[in-house]
There are 2 protein chains.
Amino acid sequence: MSVTIKDIAKLAGVSHTTVSRALNNSPLIQEETKERIRALAEQLDYTPNYNAKSLVLDRSYNLGLFFTTLSQGTSAGFFYEAIRGVNSVIQDRYQLIVKGIDDYTSFHSITKKSFDGIIVVSQSDNDQPIIEHIAGKGIPLVVLNRPVDTSGVLNVLSDEEQGAYHAGCYLIEQGHRRIALIEGRKGFRSAKHRQAGFERAMAEHGIVTPATYRQPGLYDLESGHLAMQKFLALPEPPTAVFCCNDEMALGAMKAAYGAGLRVPRDISVMGFDDTVFAGYVTPALTTVRRPIEQISKEGAMRLLGNIENKLHTTERVLLHTELIVRESVQALKAEESGRDA
Amino acid sequence: MSVTIKDIAKLAGVSHTTVSRALNNSPLIQEETKERIRALAEQLDYTPNYNAKSLVLDRSYNLGLFFTTLSQGTSAGFFYEAIRGVNSVIQDRYQLIVKGIDDYTSFHSITKKSFDGIIVVSQSDNDQPIIEHIAGKGIPLVVLNRPVDTSGVLNVLSDEEQGAYHAGCYLIEQGHRRIALIEGRKGFRSAKHRQAGFERAMAEHGIVTPATYRQPGLYDLESGHLAMQKFLALPEPPTAVFCCNDEMALGAMKAAYGAGLRVPRDISVMGFDDTVFAGYVTPALTTVRRPIEQISKEGAMRLLGNIENKLHTTERVLLHTELIVRESVQALKAEESGRDA
DNA sequence: CCCCCTATTGTTAACGTGTGCATTCCTGTG
DNA sequence: CACAGGAATGCACACGTTAACAATAGGGGG
């Protein structure tokens with residue numbers, strides 16, 4: 001069928017070994033011979049059979065990029081930025097294999113032979129089994145986006161607690177006191193951290209958040225919509241709502257409009273993530289930027305470093321979030337701030 | 001290192017040939033022997049070495065999913081839906097390898113050995129060379145999202161001309177006569193079709209679109225914003241603007257707000273694509289839904305059909321778009337419609 | 001002039017799997 | 001009883017590549 005090193009060898013009048021060495025630029029081969037063989041290979045449009053290479057070299061040239069789920073709960077922007085980031089790093093050396101963890105019925109097929117390394121973009125504690133499986137098989141691994149304690153794995157993520165803390169502080173600085181929270185999807189670690197950061201900000205400023213000022217959310221538009229409706233039905237609604245992601249913030253704003261209110265004049269809304277469209281909704285959303293693309297770049301680079309130098313670096317890297325101030329938060333005058341009790 | 005069929009053979013007291021046949025459920029092997037070997041394989045946690053299989057069977061178990069670009073111009077939602085659609089079809093049989101076509105410096109490495117089949121999600125005429133390369137190598141291929149005339153390739157896409165035609169008709173039905181167009185990114189075939197459909201609608205209803213009612217666009221928010229600003233600066237601005245995608249429509253609405261206008265009361269805006277957030281902006285965007293996920297599902301299924309039955313089906317499949325009526329288009333009373341000249 | 005060392009190339013086996021062809025054993029039939 | 005034929009299994013090789021080891025030639029030093 002296709003051209004092999006043996007074909008080249010025959011034409012060059014050398015052994016296939018010599019061809020192999022020449023094409024791999026081995027110092028054993030005379031420069032002149034190399035040139036001749038390279039020219040011949042070029043001319044015959046030779047492409048190495050990577051399956052054969054893989055078999056003998058025990059490398060797959062595959063990099064796995066695993067998401068918690070492809071079918072639900074992952075936002076499109078998040079997904080896109082993660083792939084972009086990784087892709088920008090791997091050059092031609094690896095193939096990028098994208099998978100949803102929830103598509104696996106068994107991890108049996110995940111072996112050292114089939115993946116040179118794996119990047120898990122984790123959004124849920126439920127990813128723990130696969131992480132341990134991969135680590136257990138000794139496959140180089142980096143977990144992005146979620147802190148993980150398994151030993152021997154690289155871990156790159158943003159400091160979301162800090163990000164949510166800054167968001168909370170910002171709302172307080174703007175004069176808000178009646179501040180409500182729409183929580184993230186249960187089971188997603190990010191939900192915990194964002195909530196914790198928010199609470200720390202409240203606590204440090206002596207602000208009490210009543211139970212009625214908290215609503216669960218699913219990270220989607222509908223749940224943000226619903227939560228906001230509940231807040232607005234309260235006898236004393238909040239003046240500001242911190243949403244654990246942008247999509248819920250959009251849903252929340254929508255609910256405010258539905259109730260005849262205007263954002264931010266009547267109620268302030270803040271999101272988290274700085275999704276691509278956050279700057280273009282009306283009003284433009286004030287939010288917190290998680291550097292997903294940077295995280296995935298950083299993670300991919302460190303993973304490649306481990307693979308190629310056969311290291312087992314195992315550090316945790318925290319990247320900074322950034323407060324993005326736009327238009328959806330109103331500065332309140334002191335007398336309007338309505339401190340409760 | 002890891003368990004091979006030879007290890008199993010030794011333990012079972014048979015030859016590795018028998019093990020191979022047993023695990024592949026060959027009718028040559030006694031049922032009893034098969035059972036014994038399967039049990040042993042299970043117990044030893046045997047995983048076949050796919051590199052070795054690939055080498056001898058001449059199959060890679062890889063499916064390529066190629067996008068025109070990963071780094072620019074592809075919308076996140078589009079990207080996400082395409083991967084989701086394909087992923088939902090391929091089950092466990094194939095690995096999905098995601099690539100940006102513009103990352104390739106040479107197509108040399110794209111061979112029949114490394115991909116059992118390839119799905120090209122094409123957004124530009126510039127993809128033609130890679131499509132011809134793939135087809136030329138005899139690799140099973142399906143091109144999604146863009147019509148392609150190369151012989152011997154499957155082609156699945158939405159009828160965008162028709163979609164834009166319906167959009168244009170809808171605006172006219174709502175009483176609009178001064179209708180402007182923000183065009184798609186130059187070089188993207190979709191831009192041509194959407195524009196053509198729009199023009200057909202105008203022509204069939206005898207409506208003339210002056211040159212000032214057309215602005216180029218790049219499929220991004222900024223260009224939509226800019227284009228709308230130009231329309232609004234005209235002595236007689238349009239009453240409705242058809243944008244060749246949703247992102248530009250968002251930008252356009254933003255520009256309208258910036259000029260102190262309200263959508264749809266003062267000006268109507270229509271998009272194309274029905275991006276995930278289209279329903280949640282304010283006002284919710286009236287648009288045309290391209291069934292991307294369905295396209296990619298359909299394409300993947302047909303590709304797999306070709307691969308597994310060794311066929312070379314080569315049809316073009318057009319899937320219907322759907323008009324999604326929301327809130328961003330105002331119905332005009334006859335006397336307001338301001339027919340020109 | 002011989003031997004050793006080095007530079008260059010070839011021989012052969014190995015990676016793990018699948019398959020054409022032999023081999024063995026058994027059963028039925030003439 | 002011999003023999004055909006089928007069922008079950010093994011042998012040996014192939015896939016395309018790399019690498020340990022062998023082989024050859026040439027050059028320099030004694």
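The figures here come from the full heavy-atom set of this structure, side chains too, leaving out hydrogens, waters and symmetry mates. We name chains A, B, ... by the order of the sequence lines, and we start the count at 1 in each one.
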**Message:** Tell me whether the side-chain N or O atoms of A/His16 pair up with the base of C/dT11 as donor and acceptor below 3.5 Å, since no angle test is needed here.
**Reply:** no
**Request:** Assess the side chains of B/Asp116 and B/Ser60: does a donor N or O sit below 3.5 Å from an acceptor N or O?
**Result:** yes
**Fill in**
Taken to the nearest whole Å, CZ/A/Arg36 to C1'/C/dT9 is 11 Å
**Closest nucleotide among C/dG18, D/dT17, D/dT18 to the A/Leu57 side chain** = D/dT18
**Item:** Qualifying salt bridge (Lys or Arg N to Asp or Glu O under 4.0 Å) pairs with a residue from residues 87-97 of chain B, counting only residues at least two apart or across chains
**Value:** B/Arg93-B/Glu308
Sub-3.5 Å pairs of nitrogen or oxygen atoms, protein against nucleotides 22-24 of chain D:
none

**Short side-chain N/O contact from A/Ser20 to OP1 or OP2 of D/dT18, under 4.0 Å** = yes
**Asked** By salt bridge (charged side-chain N to carboxylate O under 4.0 Å, His left out), which residues pair with A/Arg36, not counting sequence neighbours?
**Response** none
**Request:** Calculate the interatomic distance between B/Lys112 atom NZ and D/dC15 atom C1'; express it in whole Å.
**Result:** 16 Å
**Complete:** Looking only at C/dT19, D/dA20, C/dG16, the nucleotide nearest the A/Arg21 side chain is D/dA20
**Item:** Interatomic distance where NZ belongs to B/Lys6 and P belongs to D/dC13 [whole Å]
**Value:** 13 Å
**Over 12 foreign heavy atoms within 6.0 Å of CD, A/Glu42** = no
**Request:** Side chain of B/Thr17 only, please: which of D/dA19, C/dG16, D/dA12 is the nearest?
**Result:** D/dA12
**Item:** For atom CG of A/Leu55 and atom P of D/dA19, their distance in whole Å
**Value:** 13 Å
**Request:** List in chain and number order the residues that pass side chain to side chain donor-acceptor pair (under 3.5 Å) with A/Ser15, two or more places apart in sequence or in another chain; answer none if no residue qualifies.
**Result:** A/Thr18
**Prompt:** When the ring centroid of B/Phe67 is compared with that of A/Tyr80, is the distance short of 6.0 Å?
**Reply:** no
**Prompt:** Which pairs count as salt bridge (Lys or Arg N to Asp or Glu O under 4.0 Å) when at least one residue sits in residues 127-138 of chain A, sequence neighbours excluded?
**Reply:** A/Lys137-B/Asp45
**Message:** Under 6.0 Å between ring centres: does that hold for A/Phe115 and A/Phe66?
**Reply:** yes
**Request:** Whole angstrom is fine here: how far is it from CG in B/Asp58 over to P in D/dT17?
**Result:** 12 Å
**Complete:** With sequence neighbours left out, the residues meeting side-chain contact (heavy atoms from CB on, under 4.5 Å) with B/Asn126 are B/Ser124
**Complete:** Expected list for residues 22-33 of chain A near DNA chain D, using heavy atoms below 4.0 Å, is A/Asn24
**Asked** Looking only at side-chain N and O atoms, does B/Thr18 come under 4.0 Å of OP1 or OP2 in D/dG10?
**Response** yes
**Message:** Any salt bridge linking B/Glu35 with B/Arg38? Criterion: basic side-chain nitrogen under 4.0 Å from a carboxylate oxygen.
**Reply:** yes
**Request:** Starting at atom CZ of B/Arg59, determine the distance to atom C1' of C/dT19, rounded to an integer number of angstrom.
**Result:** 17 Å
**Item:** Electrostatic pair A/Asp125-A/Arg146, nearest N-O below 4.0 angstrom
**Value:** yes
**Item:** Inter-axis angle, terminal five-pair segments of the helix from C/dC1-D/dG30 to C/dG30-D/dC1 [nearest 10°]
**Value:** 70°
**Request:** Sorted by first residue and then second, give each ring-ring contact (aromatic ring centres under 6.0 Å, His included) pair with at least one member in residues 7-52 of chain B; sequence neighbours left out.
**Result:** B/Tyr50-B/Tyr61
**Asked** Rounded to the Å, how far apart are B/Ile37 CD1 and D/dT9 P?
**Response** 8 Å
**Request:** Just jot down the side chain to side chain donor-acceptor pair (under 3.5 Å) partners of B/Glu298, sequence neighbours excluded, or say none.
**Result:** B/Arg302
**Message:** Using OP1 and OP2 only, check whether a side-chain N or O of B/Ser15 sits under 4.0 Å from D/dG10.
**Reply:** yes
**Item:** Members of residues 42-53 of chain A that approach DNA chain C, where some heavy atom sits under 4.0 Å away
**Value:** none
**Item:** Residues forming a ring pair (Phe, Tyr, Trp, His ring centres under 6.0 Å) with B/His108, sequence neighbours excluded
**Value:** none
